Asker: 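The following block contains the structure, expressed as structure tokens.
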Amino acid sequence: MKKLLVLSLVMSMFSGYSQSSKEEVDYYQSIFGMGKKEVVAELISLDAETKDSFWKIYDEYETSRKELGKNRITLLEKYANGYDSMSAESLNSIMKESMSLSVKTDKLIGTYYKKLEKEAGVLAASQFYHIEFYLVSEIRVAIFGNIPMIEKVKK
């Protein structure tokens, strides 16, 4: 679990950057994804007959997760860029989008838990769920701990 903590903290470092180019975001996500996959491989119990199906489903999950991650980075940039002159309407829009992304992320993990349970068994699916929610929670805490609280809005 120590590796997971380090990995999540590294990811949180990137969450504070604004004005990230698409290439930078892709680069950060690929580094995070490679390290994460290594950790997952160490922590998930797989037998020979379920190993291939697990990794196929996991790779599908990662593709969808990365897309949601890009959306979260874009949203954080919108928040950072508009912080000093945020209107109530734009702040409300950002908050609703943030809530929607959180729900989509949680739902994605649940969807892939079910797929993995069916193909790789309850133990591997449960370990996947545990790792993913641990990382998501660490990243959420890091993000909210590093962004300033909105103190006023423009009318």
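Just so you know, these numbers come straight off a predicted model, no measurement behind them.
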Asker: Show me the side-chain donor-acceptor pairs of residues 98-111 shorter than 3.5 Å, one per line, residues at least two apart or across chains.
Answerer:
from, atom 1, to, atom 2, distance (Å)
Ser102, OG, Arg72, NH2, 3.4
Ser102, OG, Ser98, O, 3.2
Thr105, OG1, Leu101, O, 2.9
Asp106, OD1, Arg140, NH2, 3.1
Thr111, OG1, Lys107, O, 3.0

Asker: Given side chains that start at C-beta, do those of Tyr79 and Ile150 come closer than 4.5 Å, heavy atoms only?
Answerer: yes
Asker: On the 0 to 90° scale, with breaks at 30° and 60°, tag the Trp55-Tyr58 ring pair as parallel, tilted or perpendicular.
Answerer: perpendicular
Asker: Is Lys56 salt-bridged to Glu119, cutoff N-O under 4.0 Å?
Answerer: no
Asker: Do the side-chain N and O atoms of Ser53 and Thr50 include a donor-acceptor pair separated by under 3.5 angstrom?
Answerer: no
Asker: Taking the six-membered ring of Tyr112, is NZ or CZ of Lys115 closer than 6.0 Å to its centre and within 45° of its axis?
Answerer: yes
Asker: Is Leu43 reachable from Val40 through a run of hydrophobic residues whose side-chain heavy atoms are each under 4.5 Å from the next?
Answerer: yes
Asker: Among Gln127, Lys36, Arg65, which residue satisfies the side chain to side chain donor-acceptor pair (under 3.5 Å) criterion with Glu132?
Answerer: Lys36
Asker: Is the OH atom of Tyr83 crowded by more than 12 outside heavy atoms at less than 6.0 Å?
Answerer: yes
Asker: Looking only at heavy atoms, which two atoms of Ser126 and Tyr113 are closest? And how far apart?
Answerer: N-CE1, 3.5 Å
Asker: Look up atom CG in Asn92 and atom NZ in Lys96, then write down how far apart they are to the nearest 0.5 Å.
Answerer: 4.5 Å
Asker: Could you walk me through whether Ile44 and Leu123 pass the side-chain contact (heavy atoms from CB on, under 4.5 Å) test, one step at a time?
Answerer: CA-CA 8 Å; Ile44 301 254; Leu123 178 60; over 6 Å; no
Asker: Spell out, as yes or no, whether a donor-acceptor pair under 3.5 Å connects the side chain of Ser90 to the backbone of Met86.
Answerer: no
Asker: Is there a path of hydrophobic side-chain contacts, each under 4.5 Å between heavy atoms, that joins Ile147 and Val141?
Answerer: no
Asker: Measuring from Leu75:CG to Glu97:CD, what's the distance to the nearest 0.5 Å?
Answerer: 4.5 Å
Asker: Rounded at 0.5 Å granularity, tell me how far CD in Glu49 sits from CZ in Phe54.
Answerer: 15.0 Å
Asker: Kindly work out whether a path of hydrophobic side-chain contacts (I/L/V/M/F/W/Y, heavy atoms less than 4.5 Å apart) joins Val136 to Tyr134.
Answerer: yes
Asker: Measure the spacing between CD1 of Ile73 and CG of Leu68 and express it to the nearest 0.5 Å.
Answerer: 11.5 Å
Asker: Verify side-chain contact (heavy atoms from CB on, under 4.5 Å) between Lys66 and Glu62, making sure each step is shown before the conclusion.
Answerer: CA-CA 6 Å; Lys66 284 179 182 177; Glu62 278 295 291; 4.2 Å; yes
Asker: Which heavy atom in Ser45 sits nearest to a heavy atom in Ala124, and how many Å separate them?
Answerer: O-CB, 3.8 Å
Asker: Can you tell me if CZ on Phe133 sees more than 12 non-hydrogen neighbours from other groups inside 6.0 Å?
Answerer: yes
Asker: Could you tell me the separation between the NZ atom of Lys78 and the CG atom of Leu91, rounded to the nearest 0.5 Å?
Answerer: 11.5 Å
